[in-house]
Amino acid sequence: MCGIVGIIGNNHVASTIYECLTILQHRGQDAAGIATCQDGRLELVKNNGLVSDVFKSESAQILKGNAGIGHVRYPTAGSSNYEESQPFYVNSPFGIALAHNGNLHNAEQLKKELFAEDRRHINTHSDSEVLLNVFAHELQNASGLMITPEAVFHAVSRVHKRCQGAYANVLIIPGYGIVAFRDPNGIRPLVYGVRKSAEGDEYMVASESIALDLHHFELLDDVAPGEAIIITNDRQLHRRQCAENPQLSPCVFEYVYFARPDSMIDDVSVYKARLRMGEKLAERIKERWADEDIDVVIPIPESSRTSAIPMAYSLGVKFREGFIKNRYIGRTFIMPGQEQRIKSVRRKLNAVELEFRNKNVLLIDDSIVRGTTSRQIIQMAREAGAKKVFFASAAPPVRYPNVYGIDMPVAEELIAHNRTEEEIGELLGADGLIYQTLEDLEAACMEGNPKIDRFDSSCFSNEYVTNVPKEYFAKIGAMRSDDAKQ
Ligand SMILES: O=P(O)(O)OC[C@H]1O[C@H](OP(=O)(O)OP(=O)(O)O)[C@H](O)[C@@H]1O
Ligand SMILES: NC(=O)CC[C@H](N)C(=O)O
Ligand SMILES: [Mg+2]
């Protein structure tokens, strides 16, 4: 789940992009990059690491220009090497840099086509480099000596025909402007906004609306599924639907975990969706555990906190912060290896003993994926003196791989795969385990925007919104399992 941003402003934009990337850091912790453009020349700084590590004060000297794009990476294809950090750059036609959030499942096939038919060489294992070259090839075919909106829209429509999977993209073309588009299912989020000014309107495109808030850009809209928008250097905004059969199917896991609660995604407040998840889960708990004497509800920081509050309220049980988070440790789920994830959970969270001693506690997390967090947390609750430890997940059991930008490529690594809820509860060491139903989860999100009539919920349902060939699962599993990464 990467984070992307693009800005056309009245002054140098590098420091604004930098700040936006720090705001989007929760979407990717492995690498970061910024490309800016001044006088037709692209400058690029990127590296592995957090935003604050990658950009030094000298980066501001390099990254000149009033248009630019930025990226924070959480790899889902290829490797974590520096070469695969983004933005990617291709020099023909016109020079284009791209930042991509998502994952293509036909990248291997496209790579062959690009070489054999389009005479383009792909130099990494990144699907994003493939995507950029497909766009570049199609733009080259569609344009003459000058770029026109028509040519760009045509190139995007060709990308929709050739690329399969999830993509929310922002590109910069020197001397022309910024282009942003979203795949025909709108799986990954993308919004844009404007900041009005006497010197000329400034525009921003970003994965999440929080990036706009920070710099007082007014949210205009989501980029629609299949739609492309262009903001030219002279601040003309062009929009066009470029897909034949677009159907909004946003990733439901954005609402569960990935996005920040203060973001709006496809017109749904992530915060409110999480509140509703907590309310709905409380109803299930009342049915199932009516006879249990639960003393306290405790969230597992960070992402479950929003759902825990209405859940405790609806159950009529005290809400307490029983785990304190070390604010300097990032998200554990998006760390690249299992060993690092296991160690980081304990470093990140510590129990407040008095909230556990001799109590029946109900812990809530937003999701249980590999079980890394929940297993250790239940153990910690017991060590802190809890009598009984119940566990609730605001999402259903995660049983199937994600192929759209979340690094969960292997079903066998998921604790719920091929297991019943009872078996999972036992494995986690809980006295009771309850999951949200998929119906309730989708309803919690959909109630924010009744126009959404389907989600990509494939990691819960095994139903993928694109046609993913069986061989892809085998291939991505072999390449990106925890063992393979080791
Ligand atoms: O079952 P697992 O494989 O452990 O994955 C699920 C856990 O990982 C995430 O937390 P994370 O620490 O990444 O982020 P957070 O601080 O936003 O909760 C998520 O919120 C769950 O707590
Ligand atoms: N999580 C993502 O959006 C990843 C983008 C791209 N597939 C990469 O691996 O760099
Ligand atoms: Mg968590």
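Heavy atoms only: backbone and side chains are in, while hydrogens, waters and symmetry mates are out. Remember, it's 1-based here, ligands and their atoms both numbered in the order they're listed. Computed from a predicted model, the values in this text were never measured in an experiment.
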Proximal atoms of ligand 2 relative to H100 (non-hydrogen, under 4.0 Å): 5 (C)

Within reach of ligand 1, part of D365 (heavy-atom separation under 4.0 Å): side chain

From the candidates A168, G405, P75, G102, the one that places a heavy atom nearest atom 3 (O) of ligand 2: G102

Proximity of T76 to ligand 2 by residue part, where a heavy atom lies under 4.0 Å: both

K348 touching ligand 1 at heavy-atom level, < 4.0 angstrom: yes

Protein heavy-atom partner closest to atom 9 (C) of ligand 1 - residue, atom, separation in Å: Y257 CE1, 3.3 Å

Close approach of G371 to ligand 1, heavy atoms, under 4.0 angstrom: yes

Proximal atoms of ligand 2 relative to A77 (non-hydrogen, under 4.0 Å): 9 (O)

Nearest protein heavy atom with distance in Å, relative to atom 6 (C) of ligand 1: S367 O, 3.5 Å

Closest to atom 7 (C) of ligand 1 among I415, I377, T373 (heavy-atom distance): T373

Ligand 1 contact by I300, heavy-atom criterion under 4.0 angstrom: no

Those atoms of ligand 2 less than 4.0 Å from some heavy atom in N101: 2 (C), 3 (O)

Close side-chain approach of L281 to D440, heavy-atom, < 4.5 Å: no

Distance from atom 20 (O) of ligand 1 to nearest protein heavy atom, with residue and atom: D366 OD2, 2.4 Å

Numbered atoms of ligand 2 (with element) below 4.0 Å of N103, judged on heavy atoms: 7 (N)

